[in-house]
Amino acid sequence: MNWLIVDEIIKNALKEDIPSEDITTTPLITENSLCSVNLISKEDGILAGAEVFARVFALLGEVDVSFNKEDGDILKKGEIIAIIKGKTKNVLLGERVALNLLQRMCGIATLTNNFSKKLIGTNAKLADTRKTTPNLRILEKYSVKIGGGINHRCNLSDGILIKDNHIDAAGSITNAINLIRKNSSFVRKIEVETENLDMVKEALTCNADIIMLDNMSIDEMKKSVEIIGNKAIIEASGNVNMDTIRSIAETGVNLISVGALTHSYKSFDISMKNLILL
């Protein structure tokens with residue numbers, strides 16, 4: 001993880017939450033007050049973001065965080081997963097920001113893990129998308145990996161993906177691929193989004209490296225997989241949920257991208273409780 005980027009995320013979050021001072025904590029807590037508080041999981045799931053959580057307090061200073069678990073470990077409802085000790089004022093200053101980030105990361109990892117379980121026994125891999133929270137993509141895509149998924153492209157500079165609007169702008173898949181090949185480095189793979197069998201055949205004729213089957217029916221995906229064979233990597237996308245992902249995987253596609261991993265997760269329920277002054 002790029003900690004320069006993560007530190008900026010945390011610093012900006014702290015500035016948002018503490019624009020000048022904490023007018024509740026300042027009059028209540030002395031500068032030399034020390035405390036201990038437990039980090040408690042309030043549901044079952046997957047831990048992701050332990051280092052990010054601890055980094056919030058490291059930036060504030062004079063607070064130590066000791067986790068009993070590592071990212072990727074299973075969390076059980078009611079268990080203490082970390083102990084936070086140090087300067088009481090800084091513990092209270094960082095509490096909400098640290099929890100907000102950890103809850104979202106654990107939520108994504110847990111949802112990803114639940115989707116991944118549906119793919120056991122198939123050859124399909126679960127991938128995320130760019131449908132992420134602005135400025136939090138590095139954390140959200142990391143959480144997908146912790147939950148058992150893989151990352152699709154991380155940004156527009158990371159990979160070539162010719163989508164419907166690109167095709168409309170270029171006039172056709174053929175023209176879009178030809179222009180891309182003419183004006184891009186030969187080392188770049190080209191992915192094309194297709195919506196029907198004719199588009200699949202055109203992308204295949206143009207030697208696309210990856211063909212995305214977008215919002216197709218199961219029957220259309222099966223036919224597309226037969227047509228493509230091993231000539232391109234096959235990705236399925238659109239209308240993927242817990243009820244449909246298994247049948248999509250069984251069509252023989254290589255990848256299934258799921259936007260819900262990072263846009264429809266539920267924040268994981270974790271609390272800092274039982275603060276004790278030392």
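No experiment lies behind these values; they were computed from the predicted model shown.
- Remark: side-chain polar atoms of N175 are not paired, donor with acceptor, to backbone N or O of S172 under 3.5 angstrom.
- Contact annotation: the side chain of E220 never approaches that of L213 to less than 4.5 Å [non-hydrogen atoms, C-beta and beyond].
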Item to check | Steps toward side chain to side chain donor-acceptor pair (under 3.5 Å) verdict (S257, S237) | outcome: CA-CA 5 Å; S257 54; S237 185; 3.1 Å; yes

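- Screening V63, L277, N90 for a side-chain contact (heavy atoms from CB on, under 4.5 Å) with C35, the sole residue that qualifies is L277.
- Enclosure of atom CG in N155 by more than 12 non-hydrogen atoms of other residues, nucleotides or ligands within 6.0 angstrom is indicated.
- The structure places CD of E95 at 8.5 Å from OG of S271, a figure rounded to the nearest 0.5 Å.
- Ion pairing between E8 and K15 fails under the 4.0 Å rule for side-chain N and carboxylate O.
- Counting only heavy atoms from C-beta outward, the side chains of V37 and K273 never approach each other to under 4.5 Å.
- The closest side-chain heavy-atom distance from N254 to E235 is not below 4.5 Å.
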Checklist entry - Taking it one step at a time, do D219 and S217 satisfy side chain to side chain donor-acceptor pair (under 3.5 Å)? => result CA-CA 5 Å; D219 285 341; S217 68; 5.4 Å; no

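- A salt bridge does not link R104 to E140: none of the charged side-chain nitrogens sits closer than 4.0 Å to a carboxylate oxygen.
- N38 places no side-chain N or O within 3.5 Å of a backbone atom of I80 that could act as its donor or acceptor partner.
- Checked by atom type and distance alone, the side chain of D22 never pairs as donor or acceptor with a backbone atom of L93 at under 3.5 Å.
- Put simply, the side chain of L75 does not reach to within 4.5 Å of the side chain of D44, judged on heavy atoms.
- Nearest heavy-atom pair across L34 and T88 is C-OG1, 3.1 Å.
- A side-chain donor-acceptor contact under 3.5 Å links R246 to the backbone of I120.
- Shown here for I29 and K89, the closest heavy-atom pair between the two residues is CG2-N, 3.9 Å.
- At a threshold of 4.5 Å between non-hydrogen side-chain atoms, the residues I173 and I162 do not count as touching.
- Listed by first and then second residue, the ring-ring contact (aromatic ring centres under 6.0 Å, His included) pairs that reach into residues 30-62 are F53-F57, F53-F67, sequence neighbours excluded.
- Side-chain contact between E191 and M212 is present, with heavy atoms from C-beta onward closer than 4.5 Å.
- In this structure, F268 has no ring pair (Phe, Tyr, Trp, His ring centres under 6.0 Å) partners at least two apart in sequence or on a different chain.
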Next on the checklist: side chain to side chain donor-acceptor pair (under 3.5 Å), that's the test. Do D71 and Y142 meet it? Break it down for me.
Outcome noted: CA-CA 10 Å; D71 282 358; Y142 168 83; 2.5 Å; yes

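- With respect to L102, the side-chain contact (heavy atoms from CB on, under 4.5 Å) criterion is satisfied by exactly one of V52, L47, L139: L47.
- Under a 3.5 Å cut-off, the side chain of K141 and the backbone N or O of R153 do form a donor-acceptor pair.
- Counting heavy atoms from C-beta outward, E202 and V192 have side chains that stay 4.5 Å or more apart.
- Remark: T26 OG1 to E31 CD distance equals 8.0 Å, nearest 0.5 Å.
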